[in-house]
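Data first, discussion second: the structure below is written as structure tokens.
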Amino acid sequence: MAEQSLSHRFSSSGCEMAGHLAVGDTEGGPRPGVVLCHGFPSGLGGSPKSAHTYPQLAERLAAESGAVVLAFNFRGCEPSEGQFSLPNWVDDVRAAVSHLAARDDVGATWAVGFGTGAAMVLAAAAGDDRIRGVAAVGAPADFAEWARDPGSLIRHSRELGLLGSDEPEDRRGWEAGLGTVSSVEAAEQIAPRPLLV
């Protein structure tokens, strides 16, 4: 993703997050807010490219619906700061929701995620009623496979540029975080809010 397309900034637990904000051309009262979340990066050094088409998707959604749409790179995915971990990424979704909710032109906020990002929006919505509905595309049921071999995931995350250093800042906590997200359990807590899977 070209860095200039991620010129919008907001904070998540002290980390500066990079994103793209698209504002629909609708007049009148508050409009919907939409947070768009990318999946887990792929390919060598893939963190900066993890969401390279999301600004275009944000612009299209904003133009067609009149919504305010925020697409951002999760923590550890350049140019966003910080290190990847599942709890960090759930926090990033909540921070993006807070950022949109603080705008005068935004009413209800919705969250849309793809792959790992879909699991993150489910987990965030389970504990945050400000998220009025979720679209989760291709969410893994859980991260048990990653939890079985955290060393391999750390090596892979390092190759992708998600950790910014050789090790997670708190390896024990990082590994424990792999067992904290279950899409199935989170989905059960979202009702009666709308959920598209």
Side-chain angles (χ1 to χ4, degrees), residues 1 10 12-13 17-22 24 31-42 46-47 49-62 64-77 80 84-101 106-147 153 156-157 160 162 177-197:
M1 175 185 301
F10 66 97
S12 178
S13 302
M17 309 303 293
H20 180 84
L21 187 71
R31 62 188 87 186
V34 179
V35 173
L36 285 179
C37 299
H38 64 79
F40 196 78
S42 62
S47 76
K49 299 178 246 171
S50 55
H52 69 283
T53 60
Y54 283 65
Q56 295 94 325
L57 178 58
E59 289 291 339
R60 182 167 182 174
L61 287 173
E64 292 183 2
S65 69
V68 177
V69 184
L70 175 60
F72 71 96
N73 273 19
F74 280 110
R75 214 175 304 191
C77 296
S80 289
F84 155 71
S85 77
L86 292 184
N88 283 350
W89 279 21
V90 173
D91 287 347
D92 294 345
V93 175
R94 291 185 179 133
V97 169
S98 294
H99 183 68
L100 281 185
V106 172
T109 303
W110 301 70
V112 178
F114 300 85
T116 303
M120 300 302 103
V121 299
L122 287 166
D128 191 340
D129 288 340
R130 295 175 306 161
I131 301 174
R132 301 299 301 270
V134 171
V137 182
D142 59 35
F143 295 90
E145 186 175 329
W146 285 4
L153 180 60
H156 184 60
S157 297
L160 294 171
L162 297 174
L178 297 174
T180 62
V181 176
S182 167
S183 297
V184 174
E185 291 176 10
E188 292 172 351
Q189 297 174 44
I190 292 173
R193 292 170 287 164
L195 171 60
L196 172 67
V197 293

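Bear in mind that the values here come from a model prediction, so they are computed numbers and not experimental data.
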Does [X] reach the side chain of [Y], with side-chain heavy atoms less than 4.5 Å apart?
X: W89; Y: R75; result: yes
X: M120; Y: C37; result: no
X: W110; Y: L196; result: no
X: W146; Y: L86; result: yes
X: V35; Y: L100; result: yes
X: L195; Y: L122; result: yes
X: L61; Y: L36; result: yes
X: P41; Y: C77; result: yes

The side chain to side chain contact (heavy atoms under 4.5 Å, CB included) partners of A118 (sequence neighbours excluded) come to A136, A139
Sorted by chain and residue number, the side chain to side chain contact (heavy atoms under 4.5 Å, CB included) partners of A62 (sequence neighbours excluded) come out as A22, V69
Exercise for the section: Give the ring-plane orientation class for F74 versus F72, where under 30° counts as parallel, over 60° as perpendicular and anything between as tilted. Expected result: perpendicular
| message | Which label fits H99 and F10: parallel for a plane angle under 30°, tilted from 30 to 60°, or perpendicular past 60°? | response | parallel
How close do [X] and [Y] get, heavy atom to heavy atom, and via which atoms?
X: I190; Y: A125; answer: CD1-CB, 4.0 Å
X: P87; Y: T180; answer: CG-OG1, 3.9 Å
X: V68; Y: R31; answer: CG2-CD, 3.4 Å
X: A135; Y: V121; answer: O-CG2, 4.2 Å

If I take atom [atom1] from residue [X] and atom [atom2] from residue [Y], how far apart are they, to the nearest 0.5 angstrom?
X: S80; Y: N88; atom1: OG; atom2: CG; result: 12.0 Å
X: Y54; Y: Q56; atom1: OH; atom2: CD; result: 11.5 Å
X: T109; Y: I131; atom1: OG1; atom2: CD1; result: 8.0 Å

What do the steps show when you test D91 against R94 for side chain to side chain contact (heavy atoms under 4.5 Å, CB included), and what is the final call? CA-CA 5 Å; D91 287 347; R94 291 185 179 133; 4.1 Å; yes
Salt bridge (Lys or Arg N to Asp or Glu O under 4.0 Å) pairs touching residues 125-142, sequence neighbours excluded, are D128-R130, D129-R193
Heavy-atom count check: over 12 atoms from other residues, nucleotides or ligands less than 6.0 Å from Q189 CD? yes
| said: Set out, in order, the CA-CA distance, both residues' side-chain angles and the distance that settles side chain to side chain contact (heavy atoms under 4.5 Å, CB included) for F40 and S157, then state yes or no. | reply: CA-CA 10 Å; F40 196 78; S157 297; 4.0 Å; yes
